[in-house]
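Throughout, a chain's letter reflects where its sequence line sits, starting with A, and its residues are numbered from 1. Everything numeric in this text was worked out from a predicted model, so none of it was measured.
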Number of protein chains: 2
Amino acid sequence: MELQEAKLKFIEAWGKLGSEWGINRTMAQVHALLLLTPDAITTEDIMEKLNISRGNTNMTLRDLMGWGLVEKQHRAGERKEYFFAEKDAWLIARQVAQERKKREIDPILKLLNELSEVKGDEKDPEYKTFKTSVNGISKLTKNVNKALGTMLKADENWFWGSIFKIFK
Amino acid sequence: MELQEAKLKFIEAWGKLGSEWGINRTMAQVHALLLLTPDAITTEDIMEKLNISRGNTNMTLRDLMGWGLVEKQHRAGERKEYFFAEKDAWLIARQVAQERKKREIDPILKLLNELSEVKGDEKDPEYKTFKTSVNGISKLTKNVNKALGTMLKADENWFWGSIFKIFK
DNA sequence: TCAAACTTTCAATACTTATTGAAAGTTTCT
DNA sequence: AGAAACTTTCAATAAGTATTGAAAGTTTGA
């Protein structure tokens, strides 16, 4: 496979994966492009390579910066802004996990806690089922969340060492 | 909070969470309803409670059965079909993880392997960056996938014991 | 202060995905 | 075989998301 073909395939696949996991396809593709590009590039470059509009490119870059996946670069004597992505896979995973934890897991946990408090008649099957389901999900989510929190605080070496040595 | 209000909130939140993670909102809501319902219920019941059409209900139930989250129940002397959901949080998480691994992670891993094979000039920065990014993502994905695979095979007790005791 | 160079915004529009509902299909009973 | 009871399909449509592009905004240097 040619390098150029491989790059296109990667960008396409990354976009698809993103959309399957609730991340805007364009956002994933711009990210992929920046991952594969050695130096920082301009909005113009991105528009051209991915065939997307200026507006879309601008908003997507803003989102990516919001996720901490992309940074701006100013160059002395130049008016244009340049963008580049962090290329370390572990740091990328960390940022994405952190962002989704904050935006999605934390709110649902808050609700699950409230729902766990709901009182009712222990003899009522509706109540018993509600409690069983909510408590089970709540407990599991809390544990997953705790694990995620620990990983987010941890550094790369700890992660590769402690976690993956469990799995052969 | 009242039980009925709590149930509605749970269904709504579950639907939202689902859609944020690329799972059809209705599918997540039907699943939530079944989780909260002690006994098996009919298509008609679901249509009524969630205000959705017969067609939508039917297709959603089919999907849920495809994910192994819901089962059909036949009752002697009855023509109608009844549906119910597995209520154990761990089993649910397992099924969802298994399904997404198969549909989404396995294909991307296959591609990453192919992309890792691409040869090029080690002095070309484009090639070097491509290699670094793809290899990093590939390695991380492989490890996560391996971990997931082990967990899927493992039983509940192993999971709660071995994994979560790492995190305080 | 002006205007060129560049960035940001957002209403309009295109695209994607979900949903409806009625017709077609199936099963079961008499 | 016929018809009632129920399920499935799928073309049409609605709803939800993403994208465009041109106008407005900003910054910089002469």
Side-chain angles (χ1 to χ4, degrees), chain A residues 11-34 40-67 70-84 100 103-104, chain B residues 11-34 40-67 70-84 100 103-104:
Chain A
I11 290 170
E12 201 186 324
W14 208 237
K16 190 175 169 223
L17 191 70
S19 70
E20 284 164 347
W21 288 80
I23 286 163
N24 177 321
R25 203 186 82 248
T26 301
M27 179 165 152
Q29 286 186 339
V30 170
H31 183 232
L33 174 62
L34 290 172
I41 57 179
T42 65
T43 299
E44 211 79 30
D45 295 330
I46 296 167
M47 288 169 59
E48 200 176 297
K49 296 258 189 191
L50 300 181
N51 275 292
I52 58 177
S53 73
R54 188 176 299 284
N56 194 9
T57 307
N58 183 274
M59 288 178 117
T60 297
L61 284 170
R62 186 207 282 157
D63 284 352
L64 282 168
M65 288 189 291
W67 281 66
V70 163
E71 285 176 56
K72 230 184 237 185
Q73 188 182 73
H74 284 288
R75 292 189 182 176
E78 289 222 44
R79 299 278 289 273
K80 268 183 276 200
E81 291 178 325
Y82 288 76
F83 300 90
F84 66 99
R100 299 201 79 150
R103 296 189 194 186
E104 292 149 20
Chain B
I11 290 170
E12 200 186 325
W14 208 237
K16 189 173 168 224
L17 192 70
S19 70
E20 284 164 346
W21 287 80
I23 286 162
N24 178 320
R25 201 187 84 248
T26 301
M27 179 166 154
Q29 286 186 337
V30 170
H31 182 233
L33 175 63
L34 291 172
I41 57 178
T42 66
T43 299
E44 211 79 31
D45 295 329
I46 296 168
M47 288 169 59
E48 200 176 297
K49 297 256 188 191
L50 300 181
N51 275 291
I52 58 178
S53 72
R54 187 176 300 285
N56 194 8
T57 307
N58 182 275
M59 289 179 117
T60 297
L61 285 169
R62 187 208 282 157
D63 284 352
L64 282 167
M65 288 189 291
W67 281 67
V70 163
E71 284 175 59
K72 230 183 235 185
Q73 188 181 75
H74 285 287
R75 291 188 183 178
E78 289 223 44
R79 298 278 288 275
K80 268 183 278 200
E81 291 177 325
Y82 288 77
F83 300 89
F84 65 99
R100 300 200 78 150
R103 296 188 195 188
E104 291 149 20

One should read off an interatomic distance between A/E78 CD and A/T42 OG1, to the nearest 0.5 angstrom, of 9.5 Å
Sequence neighbours excluded, which residues qualify as salt bridge (Lys or Arg N to Asp or Glu O under 4.0 Å) partners of A/K80?
none
Taking only residues two or more places apart in sequence, or in another chain, which ones meet B/Q73 in a side-chain contact (heavy atoms from CB on, under 4.5 Å)?
B/A40, B/R75, B/Y82, B/F84
Expressed as a whole number of angstroms, how long is the span from A/D63:CG to C/dT7:C1'?
16 Å
Whole-Å gap separating P (C/dT8) and CD (A/E44)
13 Å
Could you tell me the separation between the CZ atom of B/R75 and the C1' atom of C/dT28, rounded to a whole number of Å?
19 Å
How many whole angstroms separate atom CD1 of A/I46 from atom P of C/dC6?
15 Å
Hey, can you pull the donor-acceptor pairs under 3.5 Å for the side chains in residues 14-23 of chain A, sequence neighbours left out?
{"unit_1": "A/W14", "atom_1": "NE1", "unit_2": "A/H31", "atom_2": "ND1", "d": "3.4"}
{"unit_1": "A/S19", "atom_1": "OG", "unit_2": "A/K16", "atom_2": "O", "d": "3.0"}
{"unit_1": "A/W21", "atom_1": "NE1", "unit_2": "B/E104", "atom_2": "OE1", "d": "2.9"}

Atom pairs and distances, donor-acceptor, side-chain atoms in residues 50-60 of chain B, under 3.5 Å, two or more places apart:
{"unit_1": "B/S53", "atom_1": "OG", "unit_2": "B/N56", "atom_2": "N", "d": "3.1"}
{"unit_1": "B/R54", "atom_1": "NH1", "unit_2": "B/E44", "atom_2": "OE1", "d": "3.4"}
{"unit_1": "B/R54", "atom_1": "NH2", "unit_2": "B/E44", "atom_2": "OE1", "d": "3.3"}
{"unit_1": "B/R54", "atom_1": "NH2", "unit_2": "B/E44", "atom_2": "OE2", "d": "3.2"}
{"unit_1": "B/N56", "atom_1": "OD1", "unit_2": "B/T60", "atom_2": "OG1", "d": "3.3"}
{"unit_1": "B/T57", "atom_1": "OG1", "unit_2": "B/S53", "atom_2": "O", "d": "2.7"}
{"unit_1": "B/T60", "atom_1": "OG1", "unit_2": "B/N56", "atom_2": "O", "d": "2.8"}

Looking at CG of A/D45 and CG of A/L33, how far apart are the two atoms once the value is rounded to the nearest 0.5 Å?
8.5 Å
Go through residues 76-84 of chain B and report each residue with a non-hydrogen atom lying under 4.0 Å from DNA chain C, sorted by number.
B/R79
A correct 5'-to-3' footprint of nucleotides 17-23 of chain C, with B, S and - meaning base, sugar-phosphate only and no protein heavy atom under 4.0 Å, is -SSBB--
CE-CG distance between B/M27 and B/L61, expressed to the nearest 0.5 angstrom:
10.5 Å
Expressed in angstrom and rounded to an integer, what is the separation of B/N58 atom CG from D/dC6 atom C1'?
11 Å
To the nearest angstrom, how far is B/K72 atom NZ from C/dT26 atom C1'?
12 Å
Taking atom CD of B/E81 and atom CZ of B/R79, what is their separation to the nearest 0.5 Å?
11.0 Å
